[in-house]
Amino acid sequence: MWYDWYNMVKTSLLFLLECAPMVIFYVASYQYNFITSTIIYVCATIAVVAAMLLYQKRLPALSLIFGFFVIVSGILTFFGDNPDIIIFSDTVYFFLGAAVLYRSHRWPKPLLERLFGQSFDLLPAGWRRLTWYWFGIFLVAGISNEVVRHTMTPEWWIGFQFWRSLIIITLAFCLFPVCRQCCNSETTNHWGVRIAR
């Protein structure tokens, strides 16, 4: 039992580490202009990606994709001196994610099972529920990002991005009851996390 809790805590800490660049971006925006804050955001993202690679010897696919979006769009924002680039990249990220999740519900193994099947063992109905849940989150996040991009200032968007991310993180933790209901009891603990053999 203690090993399961240890794994849960370790996974949660790694997840919070991935959120560090966003927090740094938010704090930097109170001290610097948008472009300077963006460069700080990019540097923090590179540092976290490097730290995770050194610690885990690999990088989760979602972390790699998100890091790629932040680094590339951040550099383009700096050289183009255009805040809209990194803001719009968020829209592309969320809409692309929603499209792939929608398409993957027809695959023999949905995208989430391919990404997280090594850590969680859920029944097919559980993976389908998670797929639709995250499809909705990504779709709403993309739409809201576009609304803010067209109606608010870039500085306001930084705060929006920060609080939106906190909401998404909260919603992610709310999925544990779904995992508990739909887990394979023979291979997992009561939260759906695979038991170490």
Engineer: Step by step, work out the side-chain contact (heavy atoms from CB on, under 4.5 Å) result for I158 and F162.
Structural biologist: CA-CA 6 Å; I158 296 176; F162 176 77; 5.8 Å; no
Engineer: Rounded to the nearest 0.5 Å, how far apart are CG of L101 and CG of L112?
Structural biologist: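 Going from the CG atom of L101 to the CG atom of L112 covers 5.5 Å.
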Engineer: May I ask you to decide if F88's main-chain N or O and R149's side chain share a donor-acceptor pair within less than 3.5 Å?
Structural biologist: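 No; judged by distance alone, with no hydrogens or angles, the pair does not exist.
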Engineer: Same cluster for V23 and Y32 if Ile/Leu/Val/Met/Phe/Trp/Tyr side chains link at under 4.5 Å?
Structural biologist: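 V23 and Y32: separate clusters.
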Engineer: Side chains of L96 and F69: closer than 4.5 Å at any heavy-atom pair?
Structural biologist: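 Yes, side chains in contact.
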Engineer: Determine whether V140 and I87 fall in the same hydrophobic cluster, where Ile, Leu, Val, Met, Phe, Trp and Tyr are linked whenever their side-chain heavy atoms lie under 4.5 Å apart.
Structural biologist: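 In one cluster: no.
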Engineer: Does L54 belong to the same Ile/Leu/Val/Met/Phe/Trp/Tyr cluster as I71, with side-chain heavy atoms less than 4.5 Å apart forming each link?
Structural biologist: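 No; tracing contacts between hydrophobic side chains, which count when under 4.5 Å, never links both residues.
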Engineer: Report yes or no: does S104 contribute a side-chain atom to a donor-acceptor pair with the main-chain N or O of W107 at less than 3.5 Å?
Structural biologist: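 Checking the backbone N and O of W107 against the side chain of S104, no donor-acceptor pair under 3.5 Å is found.
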Engineer: Under a 3.5 Å distance rule, please check whether S29 uses its side chain to pair with a backbone N or O of Y26 as donor and acceptor.
Structural biologist: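 Indeed, once roles are kept as given, a pair shorter than 3.5 Å links the two residues.
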Engineer: If every non-hydrogen atom of I86 is compared with every non-hydrogen atom of V70, which pair is closest and at what distance?
Structural biologist: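 What the structure gives for the nearest pair is CD1-O, 4.4 Å.
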Engineer: As a test of understanding, state which of W163, F138, W134 forms a side chain to side chain contact (heavy atoms under 4.5 Å, CB included) with I168.
Structural biologist: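 Answer after filtering W163, F138, W134: W134.
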Engineer: Atom CZ in F78, atom CD1 in I35: separation rounded to 0.5 Å?
Structural biologist: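 Going from CZ on F78 over to CD1 on I35, the span is 8.5 Å.
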Engineer: Find out whether Q31 and V27 are in side-chain contact, i.e. whether some heavy atom of one side chain is under 4.5 Å from a heavy atom of the other.
Structural biologist: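 In short, these two side chains do not touch, never coming nearer than 4.5 Å.
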Engineer: Ignoring hydrogens, what is the shortest heavy-atom contact between F25 and Q161? Give both atom names and the distance.
Structural biologist: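 Shortest heavy-atom separation between F25 and Q161 comes out as CD2-OE1, 3.6 Å.
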Engineer: For T77 and D84, run side-chain contact (heavy atoms from CB on, under 4.5 Å): C-alpha distance rounded to whole Å, both residues' side-chain angles, the deciding distance at 0.1 Å, then the answer.
Structural biologist: CA-CA 8 Å; T77 297; D84 208 44; over 6 Å; no
Engineer: Which atoms form the tightest heavy-atom contact between F34 and P154, and what is the distance?
Structural biologist: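 Minimum heavy-atom separation between F34 and P154: CE1-O, 3.4 Å.
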Engineer: Considering non-hydrogen atoms only, spot the tightest contact between G74 and T38 and give its length.
Structural biologist: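 G74 and T38 have their closest heavy atoms at CA-CG2, 3.7 Å.
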Engineer: Shortest non-hydrogen contact from T45 to G67?
Structural biologist: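 Closest approach of T45 to G67, heavy atoms only: CG2-CA, 4.0 Å.
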Engineer: Would you check if I65 and Y93 make a side-chain contact, meaning some heavy-atom pair closer than 4.5 Å?
Structural biologist: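 When only atoms from C-beta onward are counted, Y93 and I65 do touch, with a gap below 4.5 Å.
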Engineer: C19 and I169: which non-hydrogen atoms are nearest, and at how many Å?
Structural biologist: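 Smallest heavy-atom distance, with atoms named: SG-CD1, 3.2 Å.
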Engineer: Nearest 0.5 angstrom please: R164 CZ to M22 CE, how far?
Structural biologist: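 So the CZ of R164 and the CE of M22 are separated by 9.5 Å.
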Engineer: State the CZ-CD distance between F160 and E155, to the nearest 0.5 angstrom.
Structural biologist: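 CD of E155 is found 15.5 Å from CZ of F160.
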Engineer: Tell me, with the steps shown, if Y41 and I24 meet side-chain contact (heavy atoms from CB on, under 4.5 Å).
Structural biologist: CA-CA 7 Å; Y41 185 31; I24 292 168; over 6 Å; no
Engineer: Check each of I75, N82, L76 against F79 using the side chain to side chain contact (heavy atoms under 4.5 Å, CB included) test, and report the only one that passes.
Structural biologist: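 The residue from I75, N82, L76 that satisfies side chain to side chain contact (heavy atoms under 4.5 Å, CB included) with F79 turns out to be I75.
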Engineer: Under 3.5 Å, is there a donor-acceptor pair between the W157 and D90 side chains?
Structural biologist: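 No.
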Engineer: For side-chain contact (heavy atoms from CB on, under 4.5 Å), just list the numbers for F95 and N145, CA-CA rounded to whole Å, side-chain angles, deciding distance to a tenth of an Å, and then say yes or no.
Structural biologist: CA-CA 10 Å; F95 281 160; N145 198 72; over 6 Å; no
Engineer: How are the rings of Y102 and H105 set relative to one another: parallel (under 30°), tilted (30 to 60°) or perpendicular (over 60°)?
Structural biologist: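 Y102 vs H105 ring planes: tilted.
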Engineer: Taking C-beta and beyond as the side chain, do Y133 and I137 meet within less than 4.5 Å on heavy atoms?
Structural biologist: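 Result yes, sub-4.5 Å side-chain heavy-atom pair found.
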